Amino acid sequence: MTTQRFLTGITTSGTPHLGNYVGSIRPAVQASLRPGVQSFYFLADYHALIKIDEPARIQRSTLEIAASWLAAGLDPERVVFYRQSDVPEIPELTWFLTCVLGKGVLNRAHAYKAAVDKNTAAGTDPDSDVTAGLFMYPVLMGADILMFNAHKVPVGRDQVQHIEMARDMANSFNHRYGEHFVPPEAVIEDFVATLPGLDGRKMSKSYDNTIPMFATRAQLKKLIGGIVTDSKAPGEPKAVEGSALFQIYQAFASTQETEALRQAYATGISWADAKQTVFERIDRELAPMRETYQALMDNPAKIEALLKTGAEKARAIATPFMGQLRHAVGLRALQTQAEVSTKTAKVALPVFKQYREADGQFYFKLQSADGRLLLQSGAFASPKVAGQTIAALQTEGVAVLNRSSVPLHMGPDTTESDIAAALQALQDAKQG
Ligand code: TRP
């Protein structure tokens with residue numbers, strides 16, 4: 001069995017909270033210990049620039065997130081742990097992918113569409129306050145993934161569409177330039193969506209309802225004390241369904257511990273006692289990490305060095321791979337022999353060529369793979385109509401030849417079935 005490569009990025013835009021811990025940090029650290037798995041974890045600081053224009057916050061968040069992952073047990077010897085902006089091949093690959101991805105795919109990205117819908121609803125310009133960075137976000141993410149040919153990408157549900165797009169980019173690139181990329185698959189971490197925050201809604205920075213992963217013991221106690229409950233008195237039975245406190249406990253406790261609290265709810269534990277139980281349980285898991293975290297936060301140079309070592313490991317893969325990709329697309333040293341491209345070698349295809357003559361009119365022709373003229377158009381007044389005629393040929397086939405409104409002439413020694421075969425070959429290539 002070949003090693004499965006797992007890769008995931010963490011945007012450096014905030015301070016890790018318990019939702020991040022339960023939903024991504026803890027499972028990722030556990031997964032990195034499995035045999036047969038090679039893990040890549042990185043700090044997505046280029047992505048952070050899309051959302052945040054406070055330099056100090058980016059820097060602070062990068063430090064906090066790195067320290068949190070390391071404190072949670074990520075072993076930088078075992079995994080490739082690096083900072084996105086230390087790998088210049090990633091933005092370079094972003095451009096290559098930009099050139100093979102349809103713009104329409106990006107128009108349909110959820111995050112971009114949500115911004116446009118909001119503007120439309122407000123009656124402003126659809127792209128008002130939308131940076132090109134937000135629009136391009138999925139391409140940068142595709143480059144993160146394809147740079148290391150990751151097989152699996154653990155993400156929250158909200159990111160699944162981005163993985164689909166990365167597959168799309170991989171396939172488009174492979175189709176043009178030969179097999180270079182593995183189309184990645186999403187691994188959905190359902191926990192991410194389910195850890196509730198202080199107010200019972202999903203724990204999320206945007207709701208301001210989070211419990212920081214490395215709050216002090218005293219802060220943690222206070223925050224847990226503030227989790228919403230109903231107003232049932234001590235002694236009254238309490239429902240576990242819909243209890244944020246119970247769900248948070250469950251994310252930390254063993255099955256037996258969870259059962260015990262379920263019983264206690266049924267027999268009327270006071271909210272104060274329930275909160276104390278939850279607090280002690282969470283603190284038990286986090287207290288040892290808290291010390292490591294503090295030590296790391298006090299020694300940023302150590303983290304910087306670790307990340308630099310991680311970047312070296314990442315670039316040991318990225319640099320030669322990027323060299324291969326540059327060659328594949330034709331960015332090559334000029335003294336090397338020009339070769340027949342893999343594309344023409346593999347699948348020689350007929351082509352439509354559109355052009356304008358000295359008479360100012362627009363024309364096109366269909367050439368066979370070996371350059372013979374199959375079909376010659378007459379003059380069109382506009383390139384649009386010429387293009388529509390090509391599109392009609394591609395979708396409706398030779399039937400279009402019989403329309404008197406369309407000026408088309410078959411080439412010398414060409415039959416209708418030659419043309420039909422050429423159109424079919426184009427169709428197949430499109431689907432393949
Ligand atoms: N967009 C991801 C998020 O917000 C972070 C991210 C950036 C990422 N690049 C990635 C995740 C590559 C997985 C793979 O959660």
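Note that ligands are numbered from 1 as they come in the structure, with each ligand's atoms numbered from 1 the same way. Please read all numbers here as calculations on a predicted model, not as lab measurements. Quick note: residue numbers are just sequence positions, from 1.
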Indicate the ring-plane relationship of Phe246 and Tyr265, choosing parallel, tilted or perpendicular according to the 30° and 60° boundaries.
perpendicular
Say whether Thr8, considering both its backbone and side-chain N or O atoms, lies within less than 3.5 Å of an N or O atom on ligand 1.
no
Can you name the atoms of ligand 1, numbered from 1 with element, that are less than 4.0 Å from a heavy atom of Asp144?
7 (C), 9 (N), 10 (C), 12 (C)
Which atoms from ligand 1 have a heavy atom of Val153 less than 4.0 Å away?
13 (C), 14 (C)
Suppose we measure from atom 2 (C) of ligand 1 to each protein heavy atom; which comes out shortest, and what is that distance?
Gln159 OE1, 3.4 Å
Arg290/Glu285 salt bridge by N-O under 4.0 Å criterion:
no
For atom 6 (C) of ligand 1, what's the nearest protein heavy atom and its distance?
Gly9 O, 3.7 Å
Under 4.0 Å from any heavy atom of Thr11, which atoms of ligand 1 are there?
3 (C), 4 (O), 5 (C)
Contact partition for Gln84 relative to ligand 1, non-hydrogen atoms under 4.0 Å:
neither
Measure Tyr46 to ligand 1 on non-hydrogen atoms and call it side chain, backbone, both or neither using the 4.0 Å cut-off.
neither
Taking only heavy atoms of Tyr137 into account, list the atoms of ligand 1 that are under 4.0 Å away from them.
1 (N), 2 (C), 3 (C), 4 (O)
Would you please classify the geometry between the Phe321 ring and the Phe181 ring as parallel, tilted or perpendicular, with 30° and 60° separating the classes?
perpendicular
Are the charged groups of Arg60 and Glu64 less than 4.0 angstrom apart, N to O?
yes
Considering only heavy atoms of Ile145, which atoms of ligand 1 have at least one such atom less than 4.0 Å away?
12 (C), 14 (C)
Would you call Lys308 and Asp86 a salt bridge, using N to O less than 4.0 angstrom?
yes
Got a salt bridge between Arg326 and Glu89, using NZ or NE/NH1/NH2 to carboxylate O under 4.0 Å?
no
With a 4.0 Å cut-off on N to O distance, would you call Arg262 and Glu259 a salt bridge?
yes
